[in-house]
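Please read all numbers here as calculations on a predicted model, not as lab measurements.
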Amino acid sequence: MIKQKTQKIIYFISFIFFLNITSCCIFKTDNPDIRIIGQNFPSVVSVNQTFSPTFTVGNYSDGECDAATTTQSIVTFRMINRGTGSVQVNNTYTLNALDGNATQVFNNITVTIGTAGTYDLTFTVDPNHTSGDINQNNNVITGTIIVQ
């Protein structure tokens, strides 16, 4: 009889322990971490050639549970002529509120550059820190494109 009671208590404690471990993510979310998870643009284009760079942003967790939903924010896209420092493109786009593990693709961007040179493309997510993003260290990506 005592052995049976002890066994039931052990099962009950094990069940509560298991429930706490597995359900923490059912009742809570982790901080959102907006990240640039993809980019695509040509490395070389001709003067006056139109091209369309694309960038993908995702909202991922900073822990083991799903990320909390972010608030709406902005992203900026800049192209600067490396040789002259002249800003060729300086656009702002809307970043929708993103649920955990959700993504948004920015693919409606068209660019035409009329001057040859090397250009730095910089895409910045949430530059004003308004989305609730916990980690600002992965919100900027810079690439290079040559216009010839």
Side-chain angles (χ1 to χ4, degrees), residues 9-148:
I9 291 171
I10 290 171
Y11 286 144
F12 179 74
I13 291 171
S14 297
F15 174 75
I16 296 299
F17 180 73
F18 176 75
L19 185 62
N20 283 333
I21 289 173
T22 59
S23 66
C24 78
C25 291
I26 294 172
F27 302 110
K28 106 180 200 16
T29 56
D30 289 326
N31 294 316
D33 181 13
I34 298 174
R35 303 175 192 168
I36 300 169
I37 59 171
Q39 64 175 338
N40 186 21
F41 54 86
S43 59
V44 178
V45 296
S46 299
V47 171
N48 295 320
Q49 175 186 346
T50 299
F51 65 97
S52 298
T54 61
F55 298 90
T56 304
V57 176
N59 177 20
Y60 297 97
S61 168
D62 72 334
E64 295 182 11
C65 298
D66 284 340
T69 301
T70 65
T71 57
Q72 186 177 18
S73 183
I74 63 169
V75 296
T76 60
F77 172 63
R78 296 182 68 170
M79 277 186 70
I80 298 174
N81 184 312
R82 192 181 285 178
T84 66
S86 174
V87 176
Q88 300 297 307
V89 176
N90 190 14
N91 295 339
T92 301
Y93 305 95
T94 300
L95 175 64
N96 299 322
L98 292 177
D99 292 332
N101 298 319
T103 60
Q104 182 175 345
V105 177
F106 293 87
N107 58 1
N108 292 327
I109 303 169
T110 56
V111 178
T112 305
I113 302 295
T115 306
T118 301
Y119 292 82
D120 293 316
L121 291 79
T122 303
F123 191 77
T124 305
V125 179
D126 190 25
N128 300 325
H129 313 297
T130 60
S131 69
D133 180 26
I134 196 72
N135 181 2
Q136 297 291 318
N137 294 325
N138 55 10
N139 290 14
V140 177
I141 193 164
T142 300
T144 302
I145 189 167
I146 297 170
V147 179
Q148 54 187 13

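For the 3.5 Å distance criterion, the side chains of Thr124 and Arg78 fail to qualify, holding no donor opposite an acceptor. Side-chain N/O atoms of Thr142 and Thr122 include a donor and acceptor closer than 3.5 Å. Looking only at atom types and distance, the side chain of Asn59 has no donor-acceptor partner in the side chain of Asn101 under 3.5 Å away. Under 3.5 Å, the side chains of Thr54 and Asn107 contain no donor-acceptor pair of N or O atoms. A side-chain donor-acceptor contact under 3.5 Å links Thr112 and Thr50.
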Decide side chain to side chain contact (heavy atoms under 4.5 Å, CB included) for Asp66 and Ser61; before the verdict, give the C-alpha distance in whole Å, the side-chain angles of both, and the deciding distance to 0.1 Å. CA-CA 6 Å; Asp66 284 340; Ser61 168; 5.9 Å; no
Side chain to side chain contact (heavy atoms under 4.5 Å, CB included) evaluation trace for Leu121 with Phe41: CA-CA 10 Å; Leu121 291 79; Phe41 54 86; 4.0 Å; yes
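When all heavy atoms of Ala116 and Gln148 are compared, the closest pair comes out as CB-CA, 4.3 Å. The two residues Val47 and Gly114 make their nearest non-hydrogen contact at CG1-O, 3.2 Å. Across all non-hydrogen atoms, the minimal contact from Pro32 to Thr70 is CB-CG2, 3.6 Å. Across all their heavy atoms, Gln88 and Ile113 have their closest contact at CB-CD1, 3.7 Å.
Under the 4.5 Å side-chain criterion, counting only non-hydrogen atoms from C-beta, Val57 is in contact with Phe106. In this structure the side chain of Tyr119 reaches within 4.5 angstrom of the side chain of Val147, judged on heavy atoms. Side-chain atoms of Thr144 and Thr118, non-hydrogen and from C-beta on, do get closer than 4.5 Å to each other. When side chains are defined from C-beta on, Val87 does not count as touching Val89, because their heavy atoms never get closer than 4.5 Å. Annotation: side chain of Met79 is in contact with side chain of Ile145 (closest heavy-atom distance under 4.5 Å).
In terms of modelled atom types and a separation under 3.5 Å, the side chain of Gln104 and the main chain of Asn96 share a donor-acceptor contact. For Asp99 (side chain) and Ala102 (main-chain N/O), no donor-acceptor pair under 3.5 Å exists by modelled atom type. A donor-acceptor pair is defined here as one N or O able to donate and one able to accept, closer than 3.5 Å; such a pair exists between the side chain of Asp30 and the backbone of Cys65. Checking side-chain atoms of Asp133 against main-chain N and O of Ile34 turns up a donor-acceptor pair under 3.5 Å. Checking side-chain atoms of Asn81 against main-chain N and O of Gly85 turns up no donor-acceptor pair under 3.5 Å. A donor-acceptor contact shorter than 3.5 Å is absent between the side chain of Asn128 and the backbone of Thr130.
Note that CD of Gln72 and OG1 of Thr94 are 5.5 Å apart. Values are rounded to the nearest 0.5 Å. Atom OG of residue Ser131 and atom CG of residue Asn139 lie 7.0 Å apart, to the nearest 0.5 angstrom. Separation of atoms CD1 (Ile36) and OG1 (Thr103) is listed at 13.5 Å; rounding is to 0.5 Å. Of the inter-residue distances, the one linking Leu95 atom CG with Ser73 atom OG reads 5.5 Å to the nearest 0.5 angstrom. Considering OG1 of Thr56 and CD1 of Ile37, their distance stands at 5.5 Å, rounded to 0.5 Å.
Between Phe55 and Phe123, the angle of the ring planes stays under 30°, which puts this pair in the parallel group of the 30/60° scheme.
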